[in-house]
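Hydrogens, waters and symmetry mates are skipped; everything else that's a heavy atom, side chains included, is used.
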Amino acid sequence: MVNSAAVLGVAAIALGLVLTPGPNMLYLVSRSITQGRRAGLISLAGVAFGFLCYLAAAILGISALFSAVPQAYTALKLVGACYLGWLAWQALKPGGTAIFARDQSEHGAVRTDSSRKLFLMGLTTNLLNPKIAILYLALIPQFVHPAAGSVWLQSLLLGGVQITVALTLNAVIVCLAGSVAVFLSDRPTWARAQKLLMGTVLGGLAVHLAVD
């Protein structure tokens with residue numbers, strides 16, 4: 001039903017998108033560095049569910065609203081920019097604790113957020129990026145051929161290819177980034193530099209998303 005050329009085309013584009021730094025990658029890397037691989041992988045599960053939500057919306061035609069009503073896209077984009085800006089402020093405000101800061105108990109052990117919170121933050125980060133919906137609307141139809149069978153099933157399969165590539169590469173990135181947590185734990189100077197870097201990048205992403 002879906003030919004190999006379509007699968008390879010979607011996979012290649014998905015690979016390029018994963019390797020392009022964005023809100024999802026930044027959140028996952030930051031969470032993995034500061035709280036370990038398990039936290040990064042749970043956050044990735046939230047991101048994955050966000051992909052599924054947008055894919056389902058695209059297949060059902062709901063996300064076509066973004067194309068028909070530009071104001072809806074702009075509104076959600078600005079909400080996403082505000083969210084990233086809030087994360088940046090939490091990291092950079094004087095005397096504040098970064099949203100990605102390593103949280104240690106009185107015994108020195110790293111204390112992570114609950115699985116529910118990690119999952120929801122991953123989901124929120126993805127859902128507040130409406131470009132994902134536009135991606136599905138713009139990308140998948142180019143590889144769907146009505147004569148080859150069910151359009152919705154082809155769309156689902158091709159969306160599955162994109163999600164599989166994204167999750168596989170992000171999981172590798174999460175696992176590699178998680179190993180940095182041990183390095184940072186005994187080096188407070190590096191931890192402060194990481195806080196400044198992440199806050200600055202988050203703020204930059206917020207401005208970019210708002211004016212793009």
Side-chain angles (χ1 to χ4, degrees), residues 13-14 16-34 39-40 42-101 113 116-142 155 159 162-163 166-167 169-170 173-174 194-212:
I13 295 173
L17 291 173
V18 172
L19 297 178
T20 302
N24 287 339
M25 178 187 288
L26 180 61
Y27 171 74
L28 293 172
V29 169
S30 300
R31 187 59 72 180
S32 302
I33 288 176
T34 57
I42 294 174
S43 299
L44 179 58
V47 171
F49 191 71
F51 278 130
L52 291 174
C53 290
Y54 269 133
L55 177 59
I59 292 175
L60 294 173
I62 296 175
S63 56
L65 175 67
F66 288 145
S67 296
V69 185
Q71 293 83 356
Y73 173 84
T74 301
L76 185 56
K77 183 178 69 170
L78 291 177
V79 171
C82 290
Y83 174 68
L84 290 174
W86 178 79
L87 293 180
W89 171 247
Q90 294 301 308
L92 297 174
K93 67 181 180 180
T97 300
I99 190 68
F100 300 128
D113 292 316
R116 180 175 180 273
K117 181 177 180 180
L118 291 169
F119 180 89
L120 289 177
M121 287 192 71
L123 173 62
T124 301
T125 299
N126 202 8
L127 289 182
L128 288 179
N129 183 10
K131 289 184 179 180
I132 301 299
I134 301 301
L135 165 68
Y136 287 134
L137 285 175
L139 173 64
I140 292 179
Q142 298 184 45
S155 300
Q162 181 272 328
I163 292 174
L167 295 185
L169 267 294
N170 276 311
I173 292 171
V174 163
Q194 179 266 342
K195 172 183 173 180
L196 178 62
L197 175 63
M198 291 305 169
T200 302
V201 175
L202 280 167
L205 282 172
V207 173
H208 175 74
L209 185 61
V211 302
D212 183 23

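Between Y136 and F51, the ring planes are perpendicular. Angles over 60° get that label, and only those under 30° would be called parallel.
Note: S32 OG to I42 CD1 = 10.5 Å, rounded to the nearest 0.5 Å. Rounded to the nearest 0.5 angstrom, L55 CG and Q162 CD are separated by 8.0 Å. Between atom CG of residue N24 and atom CG of residue L44 there is a gap of 9.0 Å, rounded to the nearest 0.5 Å. If you take OH on Y27 and OG1 on T124, they are separated by 8.5 Å, rounding to the nearest 0.5 Å. C82 contributes atom SG, which lies 6.5 Å from atom CG of L78 (distance to the nearest 0.5 angstrom).
Minimum interatomic distance between S43 and R31 (heavy atoms only, all atoms of both residues): OG-CG, 3.5 Å. Closest approach of N126 and G50 over heavy atoms only: ND2-C, 3.5 Å. Of all heavy-atom pairs spanning L26 and S30, the tightest one is O-OG, 2.7 Å.
Checked by atom type and distance alone, the side chain of Y54 pairs as donor or acceptor with a backbone atom of L127 at under 3.5 Å.
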Show your working on side chain to side chain contact (heavy atoms under 4.5 Å, CB included) between V174 and V29 and close with a plain yes or no. CA-CA 6 Å; V174 163; V29 169; over 6 Å; no

Derivation of the side chain to side chain contact (heavy atoms under 4.5 Å, CB included) call for V47 and T125: CA-CA 7 Å; V47 171; T125 299; 5.5 Å; no

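Two residues are said to be in side-chain contact when any heavy atoms from C-beta on lie closer than 4.5 Å; L28 and I173 fail this criterion.
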